[in-house]
Amino acid sequence: MKILGFLSLLATYLSANSVNIEENAGEFFSSGHTNNWAVLVCTSRFWFNYRHVANTLSVYRSVKRLGIPDSHIVLMLADDMACNHRNPKPATVFSHKNMELNVYGDDVEVDYRGYEVTVENFLRVLTGRLPPSTPRSKRLLSDDRSNILIYLTGHGGNGFLKFQDSEEISNVELADAFEQMWQKRRYNELLFIIDTCQGASMYERFYSPNLMALASSQVGEDSLSHQPDLAIGVHLMDRYTFYLLEFLEDIHPSSKSNMNDLFKVCPKSQCVSTPGHRTDLFLRDPGSALITDFFGSVRKVEITMETINLTDPIEQVEQNFVNEDQKRETYSYVDQLPVSEIIHQKPKQKDWHPPDGFILGLWTLILLVFFKTYGMKHLKHIF
């Protein structure tokens, strides 16, 4: 009888453990996706749109830090601000006026640049209708288990977003592209973020399932810029993306922050405009969708029933010794300060120099005083 009682207790314990394991596994796979992709697009050209490039590169830096590799990121920049002749610090793009955080970095991989950033190419990337000669780096190779982040920034209006200041994409065209993606099983869940004037108008026509959208401003509102820099004469970022970046700096791959936390980013007191979001097409509760479901990356895990011996000695790999002359010294970039440390710092004190026109005005004042004192006949003594 004692043996039967022990066996019954053991069976109860094992069944309880199996239930816990199933619950944990269900929580782990609750999002239903196995891979992450990001499509990040800056649609503006010209130097005065510096902030739109900085917006896109800031999001690019954040998703890479959270685990999405370059092979799963399609980066589209309509202009190359890092190499612009007006840039006082070539090969850099800064998102803060302290000039501490170079979001261009040392390993940026731009897939579409300059005049390649068009409405046609953007829609072809989303729908997969690309020529056979298109390299893998310019393709969105997603499937029905992919979570996709799509970020757009530029100049827009009620129901449209401008590309290159020469063409537009409408909210209807964008909605139809997302429907094609759903019909072709190109995504599991999709997060759409847009930072532009009247951004909420771009997601009004969406009708595809499993889609969530955020915008920096409502219809009739402007999306305002932030971080003016007098040295280069332009703003460095837009307000919404600036506070989005500040929020993402506190996110790490194991964070439990969910989409409801993201909806609180940049309230009207900070953005001046009114950010909006749409969740009625999303099949899950936004509170159950983690930030890392879209901004992070999942890793493939293979489950095996075989026993692996980890105590076996590791085989030594033969090293090929080379001459000292053939050895090359390796170099690495200095780590940048995290945004959380520099975002509230005061701007660095810069060397004072007279404003434009100061020297000319000073000479004019000297000449006026001279004429009033000595008259025109003594003008020859000046030269």
Side-chain angles (χ1 to χ4, degrees), residues 38 40-66 75-84 86-89 91-105 108 110 117 149-156 161-162 193-199 214-217 221-251 262 264-276 295 336-348:
L40 313 176
V41 186
C42 163
T43 65
S44 300
R45 291 186 66 82
F46 309 120
W47 178 250
F48 55 83
N49 292 318
Y50 180 104
R51 64 189 184 278
H52 295 154
V53 176
N55 290 346
T56 311
L57 290 173
S58 298
V59 178
Y60 170 81
R61 172 184 174 275
S62 294
V63 298
K64 282 190 66 175
R65 181 181 62 83
L66 291 173
L75 180 61
M76 308 177 77
L77 299 181
D79 207 341
D80 191 0
M81 298 304 176
C83 298
N84 192 294
R86 296 185 183 181
N87 193 341
K89 296 185 178 181
T92 60
V93 175
F94 293 97
S95 61
H96 196 277
K97 57 188 176 184
N98 284 313
M99 297 297 180
E100 293 284 355
L101 183 65
N102 174 23
V103 293
Y104 197 77
V108 174
V110 183
V117 183
L149 166 68
I150 296 180
Y151 173 86
L152 298 176
T153 183
H155 291 289
L161 175 68
K162 296 171 67 174
I193 302 178
I194 185 167
D195 190 348
T196 183
C197 298
Q198 308 192 59
L214 293 90
S216 60
S217 57
E221 293 183 341
D222 293 332
S223 183
L224 302 181
S225 55
H226 195 42
Q227 295 289 313
D229 188 281
L230 300 180
I232 62 177
V234 294
H235 287 78
L236 300 183
M237 286 193 77
D238 283 320
R239 284 181 174 270
Y240 182 79
T241 302
F242 178 83
Y243 290 105
L244 174 64
L245 174 63
E246 185 178 19
F247 171 77
L248 292 176
E249 284 299 312
D250 295 328
I251 303 298
L262 186 62
K264 301 174 184 177
V265 169
C266 197
K268 189 170 184 178
S269 59
Q270 293 177 325
C271 271
V272 183
S273 61
T274 308
F295 288 89
Q336 300 182 39
L337 290 175
V339 175
S340 57
E341 293 185 13
I342 68 171
I343 205 159
H344 297 298
Q345 291 180 1
K346 294 182 179 179
K348 290 182 176 179

**Student:** How far does OG1 of Thr196 sit from CG of Leu152, to the nearest 0.5 angstrom?
**Tutor:**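 One gets 9.0 Å once the value is rounded to the nearest 0.5 Å.
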
**Student:** State which residue, out of Met76, Arg51, His52, fulfils the side-chain contact (heavy atoms from CB on, under 4.5 Å) condition with Cys42.
**Tutor:** His52

**Student:** Which atoms form the tightest heavy-atom contact between Arg239 and Cys271, and what is the distance?
**Tutor:**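 Heavy-atom minimum between the residues: CD-O, 3.5 Å.
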
**Student:** Might you point out which heavy atoms bring His226 and Tyr243 nearest each other, and give the distance in Å?
**Tutor:** NE2-OH, 4.0 Å

**Student:** With a 4.5 Å heavy-atom cut-off, do Leu57 and Leu77 have their side chains touching?
**Tutor:** yes

**Student:** Could you please spell out the steps behind the side-chain contact (heavy atoms from CB on, under 4.5 Å) verdict for Tyr240 and Asn55?
**Tutor:** CA-CA 9 Å; Tyr240 182 79; Asn55 290 346; over 6 Å; no

**Student:** Once you round to the nearest 0.5 Å, how far does CD1 of Ile194 lie from OG of Ser217?
**Tutor:** 8.5 Å

**Student:** Which heavy atom of Val53 sits nearest a heavy atom of Asp79, and at what distance?
**Tutor:**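 Taking every non-hydrogen atom into account, CG2-O, 3.9 Å.
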
**Student:** Backbone N or O of Leu236 within a donor-acceptor pair of the Asp229 side chain at under 3.5 Å?
**Tutor:**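 Pair absent, no side-chain N/O of Asp229 close to backbone of Leu236.
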
**Student:** Tyr50 vs Trp47 aromatic rings, parallel, tilted or perpendicular, using cut-offs 30° and 60°?
**Tutor:**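 Taking Trp47 first and then Tyr50, their aromatic rings stand perpendicular (interplane angle over 60°).
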
**Student:** As an exercise, state the distance from SG of Cys197 to CD of Glu221, rounded to the nearest 0.5 Å.
**Tutor:** 10.0 Å

**Student:** What is the distance from atom CZ of Phe295 to atom CG of Leu149, rounded to the nearest 0.5 Å?
**Tutor:**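 Going from CZ on Phe295 over to CG on Leu149, the span is 5.0 Å.
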
**Student:** Would you give the length of the straight line joining atom CD1 of Ile232 to atom CZ of Arg86, rounded to the nearest 0.5 angstrom?
**Tutor:**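 One gets 11.0 Å once the value is rounded to the nearest 0.5 Å.
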
**Student:** Kindly give the heavy-atom pair with the smallest separation between Asp222 and Ser273, and that separation in Å.
**Tutor:**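 Shortest heavy-atom contact: O-CB, 3.2 Å.
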
**Student:** Without hydrogens or angle criteria, can the side chains of Asp195 and Ser223 be said to hold a donor-acceptor pair below 3.5 Å?
**Tutor:**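 Checked: Asp195/Ser223 side chains pair up, N/O donor to acceptor below 3.5 Å.
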
**Student:** Taking Leu245's backbone N and O only, do any of them form a donor-acceptor pair with Arg61's side chain (distance below 3.5 Å, no angle check)?
**Tutor:**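 Judged by distance alone, no pair lies under 3.5 Å.
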
**Student:** Are any non-hydrogen side-chain atoms of Asn87 and Phe94 less than 4.5 angstrom apart?
**Tutor:** no

**Student:** Treating Thr43 as the side-chain partner and Thr153 as the backbone partner, does any N or O pair qualify as donor plus acceptor under 3.5 Å?
**Tutor:** yes

**Student:** How far does CG of Leu224 sit from CZ of Phe242, to the nearest 0.5 angstrom?
**Tutor:** 14.5 Å

**Student:** Quiz question: by atom type and distance under 3.5 Å, do the side chains of His155 and Asn49 form a donor-acceptor pair?
**Tutor:**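 A pair is found: one side chain offers a donor N or O, the other an acceptor, under 3.5 Å apart.
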
**Student:** With heavy-atom distances below 4.5 Å as the criterion, would you say the side chains of Arg65 and Glu249 are in contact?
**Tutor:** yes

**Student:** Between Val93 and Asn102, which heavy-atom pair has the shortest distance, and what is it?
**Tutor:**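 That would be N-OD1, 3.0 Å.
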
**Student:** Looking at Val103 and Ser95, what are the two nearest heavy atoms and their distance?
**Tutor:** CG1-OG, 3.6 Å

